[in-house]
Student: 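Here's a structure for you.
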Amino acid sequence: MELILLGPPGAGKGTQSKLLEARYGVAQISTGDMLRAEVKAGSPIGQEAKKIMDAGGLVSDDLIIRMIGERISRPECENGFILDGFPRTVPQAEALDKLLHETKVDLDAVIELKVDEVVLVERISGRFTCAKCGTGYHDTFKQPKISGVCDICGSHEFTRRADDKAETVHARLEAYNAQTAPILPYYRAKHRLFSVDGMAEMDEVERQIEAVLREVGVPEPTASA
Ligand code: AMP
């Protein structure tokens with residue numbers, strides 16, 4: 001399965017792509033996660049990306065395309081992948097087409113999570129994750145069952161993304177509208193674009209995504225996947 005999840009920051013791409021990764025056994029690739037790992041490691045890529053990420057802008061197409069090219073050629077992507085946060089510009093979408101053409105792989109679907117931007121700011125600015133296992137939580141919508149303890153791994157450490165501050169969120173939404181939204185007509189013209197209601201409950205969004213996957217002929221996951 002080769003799938004792209006599109007949508008503004010906070011639309012639920014990360015949550016849904018992790019659910020799909022677990023269910024279908026394909027690799028979730030988040031360029032945001034890859035960049036945050038580079039920043040944490042203090043690598044040259046991380047140093048180049050940090051300022052732009054902190055300001056809510058987009059990192060250069062060249063850098064991102066090189067990172068993705070290396071990543072999707074790895075053996076763990078043999079069964080396919082879910083792209084979360086890539087492509088984010090038309091040149092990135094064109095570069096992805098070229099990469100897929102070279103490896104003779106076809107995209108199954110591009111799924112847009114449609115959301116109301118006013119709600120996004122509230123969604124994003126309240127989110128935090130377990131520092132150990134990455135499980136996502138929210139101040140208003142999803143607190144851990146025991147305050148300060150991760151439901152999944154029991155860790156007491158949580159982190160918040162530096163770019164989830166309200167000011168930065170507005171810049172990220174602007175970047176989405178100016179640079180990423182133009183990808184939608186690009187994929188619509190290729191008859192690959194589907195939309196689901198990103199404002200629905202998490203289970204319902206998952207159900208709608210799975211309905212699209214059935215429609216485009218992605219085989220049902222086996223029970224062990
Ligand atoms: P995300 O976790 O997808 O919201 O990404 C966090 C930040 O990383 C974004 O605000 C951008 O600064 C940067 N980033 C992630 N993916 C891309 C991409 N495909 N192109 C350019 N910048 C990106």
Side-chain angles (χ1 to χ4, degrees), residues 2-18 20-21 27-72 77 81-100 107 110-113 115 117 119-131 134-138 159-184 186-187 198:
E2 276 76 26
L3 175 68
I4 296 176
L5 288 188
L6 271 182
K13 302 184 298 293
T15 304
Q16 291 298 331
S17 54
K18 284 195 183 93
L20 291 166
E21 175 180 50
Q28 178 225 6
I29 302 179
S30 153
T31 41
D33 284 350
M34 291 166 79
L35 289 168
R36 280 184 288 279
E38 298 283 352
V39 170
K40 203 169 166 198
S43 70
I45 290 181
Q47 286 170 18
E48 188 183 328
K50 186 174 184 320
K51 263 203 210 118
I52 301 167
M53 292 169 76
D54 285 350
L58 292 187
V59 173
S60 83
D61 287 337
D62 272 4
L63 192 157
I64 296 283
I65 291 163
R66 261 185 286 129
M67 258 181 25
I68 278 284
E70 188 276 323
R71 182 66 183 265
I72 64 178
C77 293
F81 47 76
I82 303 153
L83 294 173
D84 156 11
F86 175 89
R88 247 175 163 104
T89 62
V90 171
Q92 289 182 19
E94 289 167 348
L96 176 66
D97 272 351
K98 202 161 155 256
L99 272 171
L100 295 178
L107 269 181
V110 178
I111 302 183
E112 177 198 13
L113 300 178
V115 281
E117 285 198 10
V119 180
L120 282 184
V121 180
E122 188 188 15
R123 263 202 197 178
I124 299 177
S125 44
R127 64 187 185 180
F128 60 100
T129 51
C130 169
T135 300
Y137 295 97
H138 193 281
T159 55
R160 284 177 195 264
R161 282 174 48 170
D163 60 351
D164 276 350
K165 294 191 286 283
E167 318 85 85
T168 318
V169 171
H170 288 294
R172 288 163 65 202
L173 283 173
E174 266 171 37
Y176 179 81
N177 289 324
Q179 288 164 277
T180 308
I183 296 182
L184 298 171
Y186 178 85
Y187 285 120

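When a ligand or atom number is given, it counts from 1 through the structure's own listing order. Just so it is clear, the values below take in all heavy atoms, side chains as well, and ignore hydrogens, waters and symmetry mates.
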Student: Under the 3.5 angstrom rule, does the side chain of K13 hit a backbone N or O of G7 as a donor-acceptor pair?
Tutor: yes

Student: Test of understanding: with salt bridge (charged side-chain N to carboxylate O under 4.0 Å, His left out), list the residues that count as partners of R123, not counting sequence neighbours.
Tutor: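 R123: no salt bridge (charged side-chain N to carboxylate O under 4.0 Å, His left out) contacts found.
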
Student: Ignoring hydrogens and angles, state whether a donor on the side chain of E38 or S43 is under 3.5 Å from an acceptor on the partner side chain.
Tutor: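 Yes, side-chain donor-acceptor contact under 3.5 Å.
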
Student: Please report the shortest heavy-atom distance between Y187 and A93, naming the atom on each side.
Tutor: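 Heavy atoms only, the tightest pair is OH-CB, 3.5 Å.
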
Student: In order of chain and number, which residues sit within 4.0 Å of ligand 1 by heavy atom?
Tutor: T31, G32, L35, R36, M53, G57, L58, V59, I64, G85, F86, R88, Q92, R161, D163, R172

Student: Within the distance-only criterion (no hydrogens, no angle test), does the side chain of H138 pair as donor or acceptor with the backbone N or O of E122 below 3.5 angstrom?
Tutor: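 Yes; judged by distance alone, with no hydrogens or angles, the pair exists.
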
Student: Hey, what do you get for CE (M53) to OG1 (T168), rounding to the nearest 0.5 Å?
Tutor: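 One gets 11.5 Å once the value is rounded to the nearest 0.5 Å.
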
